[in-house]
Amino acid sequence: MDIGGVVLGSFLASSFQVLFDKLASPTLVYAQRKGISTTLPKEWKEKLVIINAVLANAEDKELSDNHQVKLWLDKVKDLAYDMEYLLDEFEIKATQVELEAESSTSKGLGKWKSVFSRPPSLMSETKVQEINGRLEAIVTRKAHLNLRENVVDKSNYTSKRITTSLSEPQFFGREEEVEQILELLINEVENSNATLSIVPIVGMGGIGKTAFAQQLYNDAKVNRCFEMRAWVCVSDVFDVLDITKTILRSITGLPYEGKDLNEFQVKLRDNLFGKKFLVVLDDIWNEKYEKWIDLLKPFVVGARGSKIIVTTRNDAVVSVTKAPPIPLKELSLDDCTSLLAFHALEATNFKSHPEFETIGKKIAKRCKGLPLTAKMFGGALRNKMKPSEWEDTLNNLIWDLPTTNNDEVLPIMKLSYVHLPSYLKRCFSYCAVFPKDYEIERDELVLLWIAEGFLDGQKTKKNKLELGWNYFDELVSRSFLQKSSVDTSKFSMHDLLNDLAKSIEGGICFSTGESQLAINEDYASLERARYASFIRSQFVTSKCLRPYHDMKVLRSLILVRIGPSGNSLLISDKVLHDLLTNLKFLRVFSLCHCRIVEVPNCVGELKHLRYLNFSNTSIRRLPESIGDLCKLQALILRGCHQLSKLPHGITKLVSLQFLDVRDTESLKEMPLGINNLKNLTILSKFVVGTEKGLQLKELKNLSHLQGELFILKLQKVEDVRDGVDANLFGKQGLRKLFLHWDKDFGILRNDKRESRVLESLQPPIDIENLTILNYGGAIFPSWLDGSSYSRIVSLSLWNCPYVTSLPSFGQLPSLRELSLKGLNAVRIIGSIFYGGDRPFSSLITLQFEEMLAWKDWSPYAGGPKEEVPFSCLEHLIVRSYPSLVKTLPCQLDRLIKLEIHSCQQLNNSTSELCLSSLDELYLEDCSKEILKSLFKLTSLTILKINKLIELVSFDHRFMSCLGKLRKLHIGLCDKLTCLWQDGNETQNLTCLQELTIKSCARFTSFVAGDREIELPCNLERMELVDCTSLEKLPSKMHTLRHLVIENCPKIMALNIPQGDPCSNNSISQLESFKIRHYYDSPISFSFAKGRLAALKALHIDNCKGVESLEGIAVESLEIMTINDCQIMGSLPQCLHMLSHLTRLHIYNCPALEIEDFPPLPVTLSSLVLNHCSKIKSIANCNIANCNNLTELEIWECPILEIEDFPPLPITLQRLKLWDCPMIKSLPNKWHHLTSLQELLILVCQNIKCLPKGGLPPKLRKLVISGLMDLKQPVREWGLHLLTSLESLIVEFNMGGEGEKEWFPSEDEDAWSLFPFSLTYLSIYDLRKAKRLSSGLRNHLSSLKYLTIAKCPKLRYLPEDGFPPSLQQLRIYRCKILKERCTKLTGNYWPLIEEIPNIEIDD
């Protein structure tokens, strides 16, 4: 885009427009005219105009790091916000006075006279004078900064990018994309007469578009294909003359001077005439169609197959070219790592520099797939030769806010920002309030923009929601937002764009994360904060919210939950109340996914509030004070499953536009008078009632409704005229409509009335999604018949049991999804369903389910032979149709996924099906005859069959075409005896990788008879489960890597022909082997000798017949897990020779009788012995030499006797001993175990003392309980020396600690017994203690979790309370303490009420 075409607009321009509008508001103008608000200076608007004129120039200079201008702009921003607050305050007070006067005055002017006849000032004169002074100072300072009016000079902070056609020294990844576009470039498009084709490559800045285009441009095949090639770096100045001259120079090699465009275009046309050419236009910003057409004029004379590659960040540029975009995504982590290694180490990986590999991958991960970032940081690391220096780079704040002068990334991102129109700049920069990787739905973000006023002041006929959608889509098209790869309904922003937004917002945006409290923040800067987020995984304490109390002018506060989706935020009522009472100017407050039960009344004091979000909380009600929020526009209560009622006061919210009550199943009625909310745009749910004010006709006055609307309990409509009055047809903005009757409502059911009600609920003509549920009428409404609803995309009709026929859905031209469930009276689907020509021309997904009377699906009979129905169908589901006889439509050329369930009568009574594109096929509870109509499935990759009646084996004709099959699953086929009649059939299955056979009781062999077969050549995984008749495995399984055998008793002897160990007739590639066997029959592993050379993981589970592991324990083993083998009596004698074994876990093997545990392999890293009742000793297992051992667990081994615990390796990190009564000692000198982090010793009654020398010094978790004879008091353990200890769970009755009245003691420093590093402390079994000592608050200042249990006499908590860091307090089986801590009534409640999570129980 050229400089003249850039809508560079000022960031603050939209803010100023809002101020101008407010200064011109009728209320304010009338007040001034009557002389009532004389304190308001009339020159405000004049001075704002002066400032507004230089904003664009000032922001240009700010982007070029002009510090003085930045300070001036900061003052302007603060002033704009404060002026808006003041004017907002005036409007609020005027509205309140107006409402008070409304009852006693007439409407119109008389009302205004009443409003302004009152003496109290509606605007603080002190604040007005303060604003006036600041305005004057800003205007004065402007003159000293050389700011020019209405001037834009991008050269201050950008320079024209220069790229060349030469490739990068090394190009990584994107192999598929390169091949895809090479095919586009080289191959001619069939049935196309176009001489010239455009190939637009789109992606955000730094994604590697230029490098990608260079790779294509220099490809050898491209060189051979095109006679002429040219490369032009266009950048943001789209000058047709310069581009034309550059291309001419490139293809002729001659210089060209002058400014005659016509001359150069004629020369270019002459040079290109009849030639096949490739031109790359790199980095285009032009959105003007006229300029694009002017540029293309000389190119139309080239030979067929000529191409122009365009690279751009903006979809709007692509739309000008009229070509489909090719989006470029981020690099994979592996490719990003390779690119980083190349620029840092001049290597393509870290093999030759293993010391950098771990940290290198972490840095590459932080690059988030951007090649530019990987390249930049690789260059920065070239001279750093120590891993510690790389660690410093990883931890550098540049990742959070890359604004250093040497940064190469941010200027590229800034260029994208500069090209944003002014109305988008604030919308984009507001996203700085969200953490990185945060995903948000479109509507949620748009509502936040509306609440912040970003859409105010725009001169448009569209409502704000539609305008916001347009803004959002534009940011997506410009690559500022991108669709989530996990949840397609959500969007996110790349990390670097998040950094850019934060750098733009600067001090007015603030957030703290899980481990990043604001302790180091400048509290003066907090006072400027306007937008803030608080990011937490679970607990919200008063301590971590303390910085937010100082943000007196905060506009937005969003509490963001991170971590597992099941987690909820926990905040106390007191902390929430204190937070809200400090933030009087909030416009936005969002507290989602929080386990609060009620909303504090003080929320009604937030007079400026526009947006309130309590979605997915546990609230049961809202306070009536909600009705005082006269500015509230959006109330979001989605997913509040316990919300049973909306307050009556909500109907006073005349500004309310968005009320989202989706997924609130406990909400059974609407508030009386909801029809007063005439400005509602979004009302997601309406529950019909029978009382006046709750009836369906209340929707009449809500004429602005749009988007999505659920109407529930339609059985309560008593008068059909209510449906007519509701006037759904007139609500032209509705796009999704759900009409629901309750499933069972007894005597209220009246099929004729239901028919008339549904007829009256005709949706608007532009409806896109329609669902009708539990409708009891006999016919569907007339408006649902035919093609009148040309925009309907999704239609669902569920549980309409009395409807006998279906309308002509085939003539809905935009219909993409059709779901029919529970239409139990429909018998035939035929010509009426299709309706006419080209039925279902757009349908992609079709679902039929539980239509019990349906027998006949008649084929389409109308139209010419080449005209077929369902021409775009990709997914077909047919489920639970016991009467359906005829087969499916014959020609479904685009069908990708087919599911047929419980259709026993469905057969091949008509012609064969043509399913040439089918990728996935699922058959369940059907007749085997259905397979006869399914053949030539040449594209099938997944086949899953369950309960296929009478299936004995697969037909050769069916299997012969499955050359692309990757996964085959067969289950519950009672008659299946073998898979194939002929072993040669496996030769066709060259792509098969996974084979699963489950619960096929008669399955005896893979191929009929005694013939041997070779499994498909690429089969890697096989699972055989509950195949009780299977007698043997194939002899040739040499490609198999993973084998699972469960409950196959006849092959549990594993009768695999042994053959020649050196031949291919083996399973030498097997890496993972899992066996589970509930039968008592003996199991032998004799087959394994010499045939499992690659086996790495062996899992033997519930195998009652395993006596010995001899033969299966091969040297390559890395993991061995043995569970519930009741008669296994010994371990392999060669255990110590398993030189790769890292994990040995043995559970519940009661017959495993070991006098002395055999020597362990020195490679072992984890040893677990659990419920092994006959292991007697581990004295000679050589555990001290296992220098890789990190984990040792011994659980419930009752006769394992240890007088002197064997030495343990220094590498040990976790040691757990549980219920081993014969263990009499612990490892001596265990203070030398400097790697030990977790130590658990439970119910080992014969341990009487801890080893001398103190506990292991690096412990992070310590649990000691059930050591009844332990005589050492806890205070002698040296706990205070464990400076890394975080979690301590100790039964304090040991050593007499629980027999004292005070705990820990009466001493002033009693809590110094414990290390200050503790975050989790469990105090239990203090039998006689009555008091907890003071001092816990100060000494354990990092404590987060405290449990007090089994302390029956405990009465007093520490007098100075608990540390502010405490997140969770649990009190169990402490009767006296329970009463004293009861919510609200207990005398200790004020002491603990700020703790986010309190659990008190008997």
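FYI, the numbering just counts along the sequence from 1. Owing to the predicted nature of the structure, the values given are computational and were not obtained by experimental measurement.
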Do L739 and L714 touch side chain to side chain, with heavy atoms closer than 4.5 Å? yes
Using the six-membered ring wherever Trp is involved, compare the ring planes of F710 and H740 and label them parallel, tilted or perpendicular (cut-offs 30° and 60°). perpendicular
N-O pairing of E441 and R638 below 4.0 Å: yes
Determine, for W469 and R442, whether the Lys NZ or Arg CZ falls below 6.0 Å from the six-membered ring centre while staying within 45 degrees of the axis. yes
Side-chain donor-acceptor distances from residues 843-850 under 3.5 Å, at least two apart:
{"unit_1": "Q847", "atom_1": "OE1", "unit_2": "S819", "atom_2": "OG", "d": "3.0"}
{"unit_1": "Q847", "atom_1": "NE2", "unit_2": "E849", "atom_2": "OE1", "d": "2.9"}

Looking just at side-chain N and O atoms, do E665 and H641 make a donor-acceptor pair shorter than 3.5 Å? yes
Heavy-atom nearest pair, H593 first then T617, reads N-CG2, 4.2 Å
Side chain to side chain donor-acceptor pair (under 3.5 Å) evaluation trace for E899 with H875: CA-CA 8 Å; E899 302 178 51; H875 187 186; 2.7 Å; yes
Taking atom types as modelled, find out whether N613 and Y611 have a side-chain donor-acceptor pair closer than 3.5 angstrom. yes
Are any of the side-chain nitrogens in R791 or D766 under 4.0 Å away from the carboxylate oxygens of its partner? yes
Restricting to side chain to side chain contact (heavy atoms under 4.5 Å, CB included), what partner residues turn up for C431, sequence neighbours left out? F434, L445, M493
Hey, are S794 and E768 close enough side-chain-wise for a donor-acceptor pair under 3.5 Å? no
Working to the nearest 0.5 angstrom, can you tell me the gap between C427 SG and F472 CZ? 11.0 Å
For residues V654 and L677, determine if any side-chain heavy atom of one lies less than 4.5 Å from a side-chain heavy atom of the other. no
Basic-acidic side-chain contact under 4.0 Å: K631, D88: yes
Mind listing the closest non-hydrogen atom pair of W783 and E759 along with its distance? NE1-O, 3.2 Å
Y802 atom OH, over 12 foreign heavy atoms within 6.0 Å: no
Is there side-chain contact between E605 and L580, with heavy atoms separated by less than 4.5 Å? no
Measuring only between side-chain heavy atoms, which start at C-beta, is I619 closer than 4.5 Å to I596? yes
Where does the angle between the aromatic ring planes of F870 and F840 fall among parallel (under 30°), tilted (30 to 60°) and perpendicular (over 60°)? parallel
Just by distance, with hydrogens left out, do E924 and S902 show a side-chain donor and acceptor under 3.5 Å apart? no
Check against side chain to side chain donor-acceptor pair (under 3.5 Å), S684 and D660: CA-CA 5 Å; S684 55; D660 188 350; 3.3 Å; yes
Side chain to side chain donor-acceptor pair (under 3.5 Å) for Q811 and Y789? Distances and angles first, verdict last. CA-CA 9 Å; Q811 297 306 298; Y789 286 94; over 6 Å; no
Run through L696, T690, V688 and flag the one making a side-chain contact (heavy atoms from CB on, under 4.5 Å) with E718. T690
Under-4.0 Å salt bridge between D663 and K685: no
So that I can tick it off, tell me whether K713 and D742 are bridged by a salt bridge, with the cut-off set at under 4.0 angstrom between side-chain N and carboxylate O. yes
Could you check if a side-chain atom of L576 sits within less than 4.5 angstrom of a side-chain atom of V599, using non-hydrogen atoms only? no
State, with a plain yes or no, whether a side-chain heavy atom of L709 is found less than 4.5 Å away from one of F738. no
Measure centre to centre between the rings of Y834 and F809, then say whether the value is under 6.0 Å. no
Which atoms form the tightest heavy-atom contact between K731 and L699, and what is the distance? NZ-O, 2.8 Å
Polar contact flag, side-chain donor to acceptor under 3.5 angstrom, Y438-S533: no
Would you please test E452 and R555 for salt bridge (charged side-chain N to carboxylate O under 4.0 Å, His left out) and show each step? CA-CA 8 Å; E452 280 294 345; R555 294 165 64 103; 2.7 Å; yes
Side-chain donor-acceptor pair present, N463, Q706, cut-off under 3.5 Å: yes
Is any side-chain heavy atom of S666 closer than 4.5 Å to one of L643? no
Please walk me through it: do R620 and Q642 pass side chain to side chain donor-acceptor pair (under 3.5 Å)? CA-CA 5 Å; R620 295 168 185 161; Q642 299 179 47; 3.3 Å; yes
